[in-house]
Amino acid sequence: MKAMSKTEMLGWLRETNPDRLAELWRRADATRRRHVGDAVHLRGLVEISNFCVRQCAYCGLRAGNENLARYRMLADEIFWSAEQAVKFGYGTVVLQAGEDYGITTEWLAEVVRRIKSETPLAVTLSLGERPDKDLVAWRAAGADRYLLRFETSDRNLFEEIHPPLGNRKCDRIAMLQRLREFGFEVGSGIMVGIPGQTYASVANDIALFRELDLDMIGIGPFISHPATPLGSGFSFFPPVNGEQVPNNELMVYKAVALTRLMRPDANIPATTALATINKKNGRELGLQRGANVFMPNLTPVKYRQLYEIYPNKACITETGDACNGCLSTRIQAIGRHIGSGQGGRRDRQIIPGLEAGKEFCHA
Ligand code: SAM
Ligand code: SF4
């Protein structure tokens, strides 16, 4: 069967009829079940530093935000958080941070080596656009996966909202390709509803997910942060009438569902940003409309509110224990179960006759 065309995707992205959308949710959910099953894989998220050299126009950690107290976790604190992940039965720990060169190559390599030698965890890194020598060293230390969202495939918009460091342009797509060559499982993703983002560009983003054959795809709403240029209502490219994609939960569900149809075997999280704009049941709806992963926050509570990429983040005060209990209940309530093992895409059994990424299941 052939992949959905961009025109068809655009039709779904603009769809508002609940009965028609119910069909999209049904197809995404059936495709998710068929390709990745009913397990929900949990990845413990540890936000290891909020220092950042970048000036992203959307993010509260941007270097220009002088009102934010900065922290960098100690190696022992990171290891303690990883042990929490083991205690809760998670298969992966995700170490995320701003682009912080205070996190040195060898220091992080040692942290990764310790986690890999003393726990059964997969280690995912999400540390921004680090030079190749760092990536190679961390892969050699045992890191399994790397997450780097391209945020939007619209080059002009990306260059405005994610200015270069010095005069070198950022090419996150090229970096994703190099990460794969270095042997990482590779994840990327987008924000939905960035000021200046059009429906057509979100359809292009989803087509690019397929083209890049990504292992993991994170999709969350853009959430305005008052201490950023985009938080003041500014738009670099005010779209013509009706073309601006809204940053609401319905748009995120549509993008998640279409992504599941286009990349049937990818790991797709129900993101914290989605849980933030619908604290009641955003995660559950994400999991029922294509997602199969959730990333509970294991950052020590004393640091959590300082990792303020956007305001009013979900789960900002709960301890790892509280988060874990709450998630198990929510996952069981929707008839799913918590996945065991590391839950990487490469570990999954290949279903005969289905070549990953090449087939689109009209379930
Ligand atoms: N510094 C690394 C990077 O930029 O890839 C990793 C950390 S960064 C905080 C992780 C993700 O947060 C970004 O890729 C972006 O999609 C998301 N993010 C940042 N600001 C956001 C906002 N205002 N609303 C929604 N998501 C946001
Ligand atoms: Fe830094 Fe990442 Fe935030 Fe950009 S999105 S300011 S690189 S933490």
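These numbers come from a predicted model, not from an experiment. Order of appearance sets the numbers: ligands from 1, and atoms from 1 within every ligand.
- Residue Leu127 comes nearest to Gln96 through the heavy atom pair CD2-C, 4.1 Å, listed as atom of the first residue, atom of the second, then distance.
- Ligand 1 has Arg172 within reach: a non-hydrogen atom of the residue lies less than 4.0 Å from it.
- Annotation for ligand 1: atoms under 4.0 Å from non-hydrogen atoms of Tyr58 are 19 (C), 20 (N), 22 (C), 23 (N).
- Ranking the protein heavy atoms by distance from atom 21 (C) of ligand 1 puts Met191 SD, 3.8 Å first.
- When non-hydrogen atoms are compared, ligand 1 lies under 4.0 Å from neither the backbone nor the side chain of Ala273.
- Residue-ligand proximity, Pro221 to ligand 1, at heavy-atom distances under 4.0 Å covers atoms 24 (N), 25 (C).
- Ranking the protein heavy atoms by distance from atom 12 (O) of ligand 1 puts Ile309 CD1, 3.7 Å first.
- Looking at Thr198 and Glu243, their side chains never bring a donor and an acceptor atom within 3.5 Å of each other.
- You'll find the side chain of Asn247 stays beyond 4.5 Å of the side chain of Ile277, heavy atoms only.
- The side-chain tip of Arg114 points at the ring of Phe79 from less than 6.0 angstrom away and within 45° of straight on.
- Which parts of ligand 1 touch Tyr307 is read off a 4.0 Å heavy-atom cut-off, strictly below it: atoms 7 (C), 9 (C).
- With a 4.0 Å cut-off on non-hydrogen atoms, Glu129 does not touch ligand 1 at all.
- Only the backbone of Ala97 comes within 4.0 Å of ligand 1, judged by heavy-atom distances.
- Side-chain contact between Phe294 and His41 is absent, with no heavy atoms from C-beta onward closer than 4.5 Å.
- Close N/O approach between Leu148 and ligand 1 is not found [any backbone or side-chain N/O within under 3.5 Å].
- The number of heavy atoms from other shown groups lying within 6.0 Å of CG (Asn312) does not exceed 12.
- Residue, atom and distance of the protein heavy atom nearest to atom 17 (C) of ligand 1 are Arg149 NH1, 4.1 Å.
- Here the closest non-hydrogen pair linking Glu99 and Glu129 is OE1-N, 2.9 Å.
- Of all non-hydrogen atoms in Gly286 and Val256, the two that sit nearest each other are O-CG1, 4.3 Å.
- Closest protein heavy atom to atom 22 (C) of ligand 1: Ile223 O, 3.5 Å.
- No salt bridge links Glu23 with Arg20; every basic N to acidic carboxylate O contact stays at or beyond 4.0 Å.
- Nearest heavy atom pair, residue Met175 against residue Leu135, reads CE-CD1, 3.8 Å.
- Neither side chain, Arg336 nor Asn292, offers a donor N or O lying under 3.5 Å from an acceptor on the other.
- For atom 6 (S) of ligand 2, a protein non-hydrogen atom is found at a distance below 4.0 Å.
- Near Gln96, with a cut-off below 4.0 Å to any heavy atom, the atoms of ligand 1 are 6 (C), 7 (C), 10 (C).
- Residue Gly98 approaches ligand 1 through these ligand atoms, each under 4.0 Å from one of its heavy atoms: 1 (N).
- Residue Ser126 approaches ligand 1 through these ligand atoms, each under 4.0 Å from one of its heavy atoms: 6 (C).
- Note on Arg70 versus Asp100: no salt bridge recorded, every NZ/NE/NH1/NH2 to OD/OE distance being 4.0 Å or above.
- Contact annotation: for Arg54 versus ligand 1, there are no heavy atoms closer than 4.0 Å.
- Neither the backbone nor the side chain of Lys313 has any atom closer than 4.0 Å to an atom of ligand 1 (non-hydrogen atoms only).
- Taking the charged nitrogens against the carboxylate oxygens, Arg155 and Asp171 do have a contact shorter than 4.0 Å, which makes a salt bridge.
- With a heavy-atom cut-off of 4.0 Å, Phe150 does not touch ligand 1 at all.
- No part of Cys52 comes within 4.0 Å of ligand 1, judged by heavy-atom distances.
- Remark: minimum distance from atom 13 (C) of ligand 1 to any protein heavy atom is reached at Glu151 OE2, 3.2 Å.
- Atoms of the protein (N, O or S only) found under 2.8 Å from atom 1 (Fe) of ligand 2 are Cys52 SG.
- Under the 4.5 Å side-chain criterion, counting only non-hydrogen atoms from C-beta, Ile161 is in contact with Leu230.
- Contact annotation for Tyr310 and ligand 1: only side-chain heavy atoms (C-beta onward) come within less than 4.0 Å of the ligand.
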request  = Could you go through the salt bridge (charged side-chain N to carboxylate O under 4.0 Å, His left out) check for Glu15 and Lys254 one step at a time?
outcome  = CA-CA 9 Å; Glu15 183 61 64; Lys254 289 187 219 176; over 6 Å; no
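- A salt bridge between Lys302 and Glu77 is present, with a side-chain N of the basic residue lying under 4.0 Å from a carboxylate O of the acidic one.
- Under the 4.5 Å side-chain heavy-atom criterion for Ile, Leu, Val, Met, Phe, Trp and Tyr, Leu214 and Met295 are members of distinct hydrophobic clusters.
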